[in-house]
Amino acid sequence: MKRLVVGSMNYSSWSARPWLALTHAGIEFRMHLIELFVDPRWREKVLQFSGAGKVPILIDGPSSVHESLAICEYAAELAPDARLWPEDRALRARARAISCEMVSNFHTLRNELPTNVRARAKQFAPSERAREEIARVFDIWSASLQSSGGPFLFGDFTIADCMYAPVATRFRTYGIELSADAARYSEALWQQPVVQQWERLAQEAPAIPEYDALLT
Ligand SMILES: N[C@@H](CCC(=O)N[C@@H](CS)C(=O)NCC(=O)O)C(=O)O
């Protein structure tokens with residue numbers, strides 16, 4: 001049985017991304033939770049699976065795949081019928097491009113608005129740089145929705161949505177004012193069964209008081 005080595009489903013957005021892809025594709029796996037920064041041996045436990053020292057990691061027999069997007073690609077190859085990438089080549093290229101953009105950018109957004117799926121900030125004011133990054137996310141969403149017609153970025157739920165769903169939860173957690181397209185897209189995400197399943201896991205995840213304290 002495949003094993004997905006993950007951190008908390010409430011606080012670790014990188015863990016959630018391939019979890020969403022694998023679950024949506026109907027690939028059987030079990031979760032292997034390592035309580036990052038809480039378990040005193042968390043680092044050595046992660047290093048047993050990957051020298052990169054980060055989760056998520058997919059263990060499939062003798063193979064181990066680290067990096068969230070690489071695991072999503074692996075899921076797309078394992079379950080072609082799930083159509084985890086758009087069928088149209090141009091849309092697929094765009095879906096891959098914005099997924100890579102998610103992985104390699106948005107550092108301010110990630111630092112200032114750490115993932116905490118179930119929490120709600122009482123007051124939060126993003127910095128100028130965070131506002132620019134939020135605007136870029138809105139642009140990505142609008143352009144993708146226009147090219148596909150929605151309701152998800154490329155029509156049906158794909159890896160691009162797995163990459164951006166955690167961003168939508170951040171906007172909700174921190175009360176970010178949404179553009180009309182972003183609001184419609186977020187609503188489609190909240191109605192998607194696999195996203196709802198993730199939210200249930202996030203609700204049940206053990207609390208990490210230091211992380212919760214980051215929200216005011
Ligand atoms: N680019 C990596 C990022 C993974 C990542 O940063 N994971 C965090 C948890 S959400 C982690 O393992 N942090 C431990 C550390 O940085 O030491 C991916 O996409 O998988």
Side-chain angles (χ1 to χ4, degrees), residues 2-25 27 29 31-60 63-78 84-85 95-119 130 133 136-137 140 153 158-174 195 198-199 201-215:
K2 293 171 192 45
R3 242 187 320 166
L4 184 65
V5 183
V6 290
S8 163
M9 293 307 274
N10 186 54
Y11 305 101
S12 171
S13 57
W14 294 118
S15 300
R17 291 175 167 113
W19 182 92
L20 287 165
L22 289 159
T23 306
H24 182 69
I27 296 168
F29 67 98
M31 278 209 283
H32 181 118
L33 173 70
I34 297 180
E35 297 199 74
L36 303 187
F37 309 108
V38 174
D39 180 336
R41 292 182 52 230
W42 72 269
R43 195 175 285 285
E44 108 191 46
K45 287 186 178 174
V46 175
L47 285 169
Q48 280 172 1
F49 295 106
S50 162
K54 291 184 194 293
V55 298
I57 307 151
L58 181 71
I59 311 297
D60 186 9
S63 314
S64 133
V65 188
H66 66 289
E67 286 291 329
S68 52
L69 190 50
I71 302 171
C72 291
E73 289 279 8
Y74 193 78
E77 290 189 20
L78 284 177
L84 284 175
W85 288 119
R96 285 201 164 109
I98 66 164
S99 297
C100 292
E101 187 173 345
M102 179 66 245
V103 173
S104 55
N105 288 286
F106 303 112
H107 300 291
T108 307
L109 184 55
R110 296 214 290 260
N111 286 337
E112 274 185 39
L113 291 70
T115 298
N116 195 329
V117 177
R118 64 186 174 217
E133 292 186 358
R136 172 64 190 152
V137 171
I140 290 173
L153 295 175
T158 67
I159 287 170
D161 301 294
C162 301
M163 300 311 284
Y164 282 92
V167 181
T169 73
R170 283 175 151 109
F171 292 166
R172 185 179 57 181
T173 296
Y174 294 91
V195 174
W198 168 37
E199 291 196 88
L201 288 180
Q203 287 294 342
E204 291 160 10
I208 305 182
E210 294 91 313
Y211 289 0
D212 291 337
L214 297 173
L215 279 92

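All ligand and atom numbering here is 1-based and tracks the order in the structure.
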- Which residue supplies the protein heavy atom nearest to atom 15 (C) of ligand 1, what is that atom called, and how far is it? Lys54 NZ, 3.7 Å
- Query: Side chains of Asn10 and Tyr211: donor-acceptor distance under 3.5 Å anywhere?
  - Reply: no
- Is the closest side-chain heavy-atom distance between Trp85 and Ile159 below 4.5 Å? yes
- Item | N or O contact, Ser68 vs ligand 1, cut-off under 3.5 Å | yes
- Message: Within ligand 1, which atoms have a heavy atom of Pro56 less than 4.0 Å away?
- Response: 20 (O)
- For atom 2 (C) of ligand 1, which protein heavy atom lies nearest, and how many Å away is it? Glu67 OE1, 3.3 Å
- Residue pair Cys100 / Leu69, side-chain heavy-atom distance below 4.5 Å: yes
- Message: Among all protein heavy atoms in this structure, tell me which lies nearest to atom 5 (C) of ligand 1, with the distance rounded to 0.1 Å.
- Response: Trp14 CD1, 3.3 Å
- For residues Ile98 and Met163, determine if any side-chain heavy atom of one lies less than 4.5 Å from a side-chain heavy atom of the other. no
- Query: Between Phe29 and Trp19, how do the two ring planes meet: parallel, tilted or perpendicular, split at 30° and 60°?
  - Reply: perpendicular
- Kindly indicate whether the side chain of Phe49, heavy atoms from C-beta on, has any atom under 4.5 Å from the side chain of His66. no
- Charged N to carboxylate O below 4.0 Å: is that the case for Arg96 and Glu73? yes
- Item | His66 to ligand 1, any heavy atom closer than 4.0 Å | no
- Query: Looking only at non-hydrogen atoms, which of Val55, Leu47, Val6, Leu36 approaches atom 4 (C) of ligand 1 most closely?
  - Reply: Val55
- Item | Candidate list Asp212, Thr173, Thr169, test side chain to side chain donor-acceptor pair (under 3.5 Å), partner Asn116, passing option | Asp212
- Task: Specify the protein heavy atom at minimum distance from atom 10 (S) of ligand 1: its residue, its atom name, and the distance to 0.1 Å.
- Result: Ser12 OG, 3.0 Å
- Query: For Phe37 and ligand 1, does the shortest N/O to N/O distance drop below 3.5 Å?
  - Reply: no
- Query: Against heavy atoms of Arg43, which atoms of ligand 1 measure under 4.0 Å?
  - Reply: 17 (O)
- Item | Any N or O of Trp42 closer than 3.5 Å to N or O of ligand 1 | no
